[in-house]
Colleague: 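Before I ask anything, let me first share the structure, which is written out below as structure tokens.
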Amino acid sequence: MTTPIVNEPAAPSDFIRDVVADDLRSGKHTQIHTRFPPEPNGYLHIGHAKAICLNFGIAHEFGGVCNVRMDDTNPAKEEVEYVDSILADAKWLINGWAEESLGLKPAGKTPEKQLAGDKLDFQLSAIRNPKSEIPVEPFHASDYFDQFYEYALQLVRKGKAYVCDMTPEETDEYRRLGKESPFRNRSTEESLDLLARMKAGEFPDGAHTLRAKIDMSSPNMWLRDPVLYRIRHAEHHHTGKKWCIYPMYDFAHTLSDYIEGITHSVCTLEFEVHRPLYDWILASLDLPRALPHQYEFARLNLTYTVMSKRKLMQLVNDGLVNGWDDPRMPTISGLRRRGMTASALRAFAYNIGITKYPSMTDVAVLEHTVREEFNRTAPRRLAVLRPIKVVITNYPDGQVEELDAVNNPENPSAGSRKIPFSHELFIESADFMETPPPKYFRLRPGGEVRLKYAYIIRCDEVVKDEAGNVIELRCTADLESKSGGPTSNRKVKGTIHWVSAAHAIDAEARLYDRLFTVPEPDADGDFKSFLNPNSLDVVTAKCEPSLKNADPGVRYQFERLAYFAIDPDSQPGKLVFNRTITLKDTWAKEAKKS
RNA sequence: UGCCUCGUAGUGUAAUGGUAGCACCAGAGAUUCUGGAUCUCUUUGUCAAGGUUCGAAUCCUUGCGAGGCAGCCA
């Protein structure tokens with residue numbers, strides 16, 4: 001496996017990193033601690049990749065730690081399958097870059113009670129970049145359910161929370177109206193008793209909630225006595241049947257940040273209005289250690305795709321794609337299978353920046369970033385996707401020459417290889433036209449073209465079948481024009497790729513294209529109606545023999561066509577390549593004009 | 001409707017009171033044994049109106065527009 005050339009870009013700058021730098025400079029924090037807190041209810045996508053690059057990027061650049069944490073407080077939606085895929089995807093993305101910042105914890109470990117006078121304090125430290133024998137796992141909010149409960153009791157005792165008996169509908173109604181719950185002022189003792197019985201399983205789902213007592217007249221809905229706990233008689237993927245009350249996001253997330261010693265809690269814009277509640281929870285508990293602070297940035301939107309987990313799940317469940325890791329999916333696992341590299345994804349995250357403006361990023365930026373890297377790193381190979389036979393009439397049948405082919409013109413140290421040339425070849429059917437349009441400078445009847453690394457040939461005869469399809473071209477080679485030879489200087493307008501028919505090996509080539517035909521498939525109407533019917537085209541390619549030993553860790557450029565990666569379906573003797581991204585094709589653009 | 005946040009070329013992002021830059025996209029050309037890559041050039045921008053200031057994309061006011069929140073989801 002060749003080592004890719006990876007140039008990490010200079011450290012980026014944005015309003016969040018500015019804050020972090022200031023906090024370090026002012027001494028507010030001496031150690032930066034971020035976290036990546038997905039809910040394990042789906043696969044990670046490129047939007048999460050942006051968040052990972054931000055959170056791990058900050059940790060990496062400032063010598064801090066970034067915890068991977070499952071925000072798993074809703075047993076109805078979460079599964080271990082997702083926990084596993086999330087960790088794997090996150091690790092893949094940071095590997096070779098920020099893995100020294102990865103924060104995990106010893107398996108099974110829960111927060112420890114700290115001595116802090118009469119103040120309630122729980123703490124759980126990360127193991128940074130764990131390599132030891134001891135089993136480790138990601139952090140789980142559900143590992144803190146005991147601690148959350150103690151904090152909840154604390155809030156009730158302080159008169160800052162109460163058990164409410166209203167139905168969900170009533171709760172909504174009252175919050176909308178800014179009306180206080182009739183249970184708001186019930187005694188601490190009664191709330192304590194009810195809460196204990198909620199926990200003990202005495203009540204059915206929805207019978208009671210624990211609510212923060214804040215301000216029903218607040219213009220911010222999240223301060224109108226938000227629910228902290230609800231009753232859910234459901235088995236949890238991580239805590240099993242231990243609990244029948246589960247904390248809500250705001251309560252769990254805020255305290256998870258505190259318990260883990262997070263300094264900068266970075267999330268997306270929709271949580272902006274939650275920040276006052278985040279701060280309220282921390283302040284109300286009178287916590288002794290440094291408090292985390294929340295910052296928000298705009299999530300990623302990409303053209304020609306959808307990003308919501310719900311819609312991605314729909315594509316999977318409706319069989320419109322072949323699973324979460326279908327190479328057309330914007331999931332990290334899909335992009336990986338497609339052939340994108342972690343370094344390219346990181347470069348993309350760097351390119352698009354971090355702001356609070358809810359933007360729509362052109363997928364062309366991603367494509368450009370990938371091409372940029374692959375142009376530097378990808379070994380070149382010759383392969384023909386849609387072959388048409390060419391017979392070199394003046395080249396002896398049975399003769400074989402080994403010609404020199406450059407591996408990567410952008411990287412001389414990549415060296416060269418030999419490719420066989422013989423009497424019968426395949427060329428790309430698109431590289432021949434019987435009646436070509438203007439400016440077409442590939443092969444035509446009577447015309448000349450150079451076979452890359454080989455000879456200039458002239459097309460003498462076009463052989464057709466009964467239906468009129470071109471099935472063979474009979475050509476003569478200018479034997480003086482051999483590449484690298486002393487008389488090879490003659491110029492012709494076009495150079496095309498080819499493979500020797502006798503030596504070519506077959507490979508399945510999966511040609512992927514954008515999943516949707518419109519830039520914003522979820523702007524209006526049913527996004528599924530904009531699916532691109534041509535998002536996958538499978539052909540049997542004719543490949544130069546060296547590709548027989550294609551390396552799954554290498555991205556290849558099939559010259560003049562595209563970048564390809566080996567698919568996991570590939571087996572010895574049955575190669576499968578995924579087209580990651582085409583080369584830029586200015587001829588296609590030119591041809592389109594006329 | 002209320003509240004919060006955000007408005008800089010087509011798109012994405014810099015400029016932190018002092019020359020409005022960069023990247024992508026698009027277009028033109030050069031070059032090329034990849035119609036790739038590379039190189040050169042071009043079009044296009046501070047939402048609007050007031051105000052503060054020697055000077056405003058930046059600060060203030062108002063308006064307009066966009067996004068988010070108003071689950072016992074996260």
Colleague: Counting just side-chain N and O atoms, does Arg224(A) come under 4.0 Å of either OP1 or OP2 of rC3(B)?
Modeller: no

Colleague: Base, sugar-phosphate, or nothing: which does Phe441(A) touch, judged by heavy atoms less than 4.0 Å apart?
Modeller: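 Contact class for Phe441(A): base.
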
Colleague: Whole angstrom is fine here: how far is it from OH in Tyr295(A) over to P in rC6(B)?
Modeller: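 To the nearest whole Å, that distance equals 15 Å.
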
Colleague: Can you check whether Arg310(A) has a side-chain N or O nearer than 4.0 Å to OP1 or OP2 of rA74(B)?
Modeller: no

Colleague: What's the NE2-C1' distance between His236(A) and rC73(B), to the nearest Å?
Modeller: 13 Å

Colleague: So, Glu448(A) and Arg458(A), do they make that salt bridge, N to O below 4.0 Å?
Modeller: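 Yes, Glu448(A) and Arg458(A) are salt-bridged.
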
Colleague: At less than 3.5 Å, do the side-chain atoms of His274(A) and the base atoms of rA70(B) form a donor-acceptor pair?
Modeller: no

Colleague: What contact category does Gly42(A) fall into here, base, sugar-phosphate, or nothing, at under 4.0 angstrom with non-hydrogen atoms?
Modeller: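 No contact.
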
Colleague: Within less than 4.0 Å of OP1 or OP2 of rC33(B), is there a side-chain N or O belonging to Ser483(A)?
Modeller: no

Colleague: May I ask you to decide whether Asp225(A) forms a salt bridge with Arg175(A), counting only side-chain N to carboxylate O separations under 4.0 Å?
Modeller: no

Colleague: Looking at Lys309(A), I'd like to know whether one of its side-chain N or O atoms comes within less than 4.0 Å of OP1 or OP2 on rC73(B).
Modeller: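 Checking rC73(B) against Lys309(A), no side-chain N or O comes under 4.0 Å of OP1 or OP2.
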
Colleague: Just checking Ile354(A): base, sugar-phosphate only, or nothing, at a heavy-atom cut-off of under 4.0 Å?
Modeller: sugar-phosphate

Colleague: Considering every strand and a 4.0 Å limit on heavy-atom distances, what is the contact class for Thr369(A): base, sugar-phosphate, or nothing?
Modeller: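 Nothing, no nucleic acid heavy atom in range.
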
Colleague: Can you tell me, in whole Å, how much space there is between the P of rU13(B) and that of rG65(B)?
Modeller: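 To the nearest whole Å, 23 Å.
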
Colleague: Check this for me: does any side-chain nitrogen of one of Arg299(A) and Glu270(A) sit under 4.0 Å from a carboxylate oxygen of the other?
Modeller: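 Glu270(A) and Arg299(A): salt-bridged.
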
Colleague: Heavy atoms under 4.0 Å, any strand shown: does Arg380(A) hit a base, just sugar-phosphate, or nothing?
Modeller: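 Contact class for Arg380(A): base.
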
Colleague: Would you indicate what Glu410(A) reaches in the nucleic acid, counting non-hydrogen atoms under 4.0 angstrom: base, sugar-phosphate, or nothing?
Modeller: base

Colleague: Classify the side-chain pair Arg417(A)/Asn407(A) by whether it contains a donor and acceptor separated by less than 3.5 Å.
Modeller: yes

Colleague: Is there a stack between Tyr357(A) and rG7(B), judged by ring centres under 5.5 Å and planes under 30°?
Modeller: no

Colleague: rA23(B), rC6(B), rC4(B): which one has an atom nearest the side-chain heavy atoms of His368(A)?
Modeller: rA23(B)

Colleague: Can you measure Tyr229(A) atom OH to rC72(B) atom P for me and round it to whole angstrom units?
Modeller: 16 Å

Colleague: Of the nucleotides rA70(B), rG36(B), rU34(B), which has the atom closest to the Trp222(A) side chain?
Modeller: rA70(B)

Colleague: Just the rounded figure in Å: distance from P of rC72(B) to CG of Leu194(A).
Modeller: 18 Å

Colleague: What's the closest nucleotide to the Asp172(A) side chain, out of rC69(B), rC6(B), rC72(B)?
Modeller: rC72(B)

Colleague: Could you tell me whether Arg275(A) and Glu296(A) have a side-chain N and a carboxylate O separated by less than 4.0 Å?
Modeller: yes

Colleague: Whole angstroms only, please: what is the NZ-C1' distance between Lys491(A) and rC33(B)?
Modeller: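 Roughly 7 Å, once rounded to whole Å.
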
Colleague: Less than 3.5 Å between a donor and an acceptor, one on the side chain of Glu296(A) and one on the base of rU5(B), is that the case here?
Modeller: no

Colleague: Just compare rC33(B), rG35(B), rA74(B) and give me whichever is closest to any side-chain atom of Thr586(A).
Modeller: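 Selected nucleotide: rG35(B).
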
Colleague: Please classify the nucleic acid contact of Lys356(A) as base, sugar-phosphate, or nothing, using heavy-atom distances under 4.0 Å.
Modeller: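 If one applies the 4.0 Å heavy-atom cut-off, Lys356(A) turns out to touch the sugar-phosphate alone, with no base involved.
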
Colleague: Base, sugar-phosphate, or nothing: which does Thr73(A) touch, judged by heavy atoms less than 4.0 Å apart?
Modeller: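 Contact class for Thr73(A): sugar-phosphate only.
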
Colleague: Using atom CG of Leu177(A) as one end and atom P of rA70(B) as the other, report the distance to the nearest whole Å.
Modeller: 17 Å

Colleague: Under 3.5 Å, is there a donor on one side chain and an acceptor on the other for Gln294(A) and Tyr278(A)?
Modeller: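 Not at all, the side chains of Gln294(A) and Tyr278(A) share no donor-acceptor pair under 3.5 Å.
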
Colleague: Measure the distance between the ring centre of Tyr249(A) and the centre of the six-membered base ring of rA74(B), then answer whether it is under 5.5 Å with planes under 30°.
Modeller: no

Colleague: Does a nitrogen or oxygen in the side chain of Arg176(A) sit under 4.0 Å from OP1 or OP2 of rG2(B)?
Modeller: no

Colleague: Regarding Thr209(A), tell me which of base, sugar-phosphate or nothing describes its non-hydrogen contacts under 4.0 Å with the strands shown.
Modeller: base

Colleague: Hey, is the side chain of Arg442(A) pairing donor to acceptor with the base of rG35(B) inside 3.5 Å?
Modeller: yes

Colleague: What is the nucleic acid contact for Met70(A), judged by heavy atoms within less than 4.0 Å: base, sugar-phosphate only, or nothing?
Modeller: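 Counting heavy atoms under 4.0 Å across all strands, no contact is made by Met70(A).
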
Colleague: Sticking with atom C1', work out how far rG45(B) lies from rC3(B), rounded to a whole angstrom.
Modeller: 31 Å

Colleague: Using a heavy-atom cut-off of 4.0 Å across all strands, would you classify Pro37(A) as base, sugar-phosphate, or nothing?
Modeller: nothing

Colleague: Under 4.0 Å: is that the gap between some side-chain N or O of Ser359(A) and OP1 or OP2 of rU13(B)?
Modeller: yes

Colleague: On the ring face of Phe297(A), is Lys356(A) found with NZ or CZ under 6.0 Å from the centre and within 45° of the axis?
Modeller: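 No, a cation-pi geometry is absent between Lys356(A) and Phe297(A).
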
Colleague: Thinking salt bridges, do Glu202(A) and Arg197(A) make one under a 4.0 Å N-O criterion?
Modeller: yes

Colleague: Classify Tyr440(A) by what it touches in the nucleic acid, base, sugar-phosphate, or nothing, heavy-atom distance under 4.0 Å.
Modeller: base

Colleague: So Ile352(A), base contact, sugar-phosphate only, or nothing? Heavy-atom distance under 4.0 Å.
Modeller: sugar-phosphate

Colleague: Let me know the distance between CE of Met221(A) and P of rC3(B), rounded to the nearest Å.
Modeller: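 Whole-Å distance recorded here is 11 Å.
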
Colleague: Specify the separation, in whole Å, of atom CZ of Arg376(A) and atom C1' of rU34(B).
Modeller: 19 Å

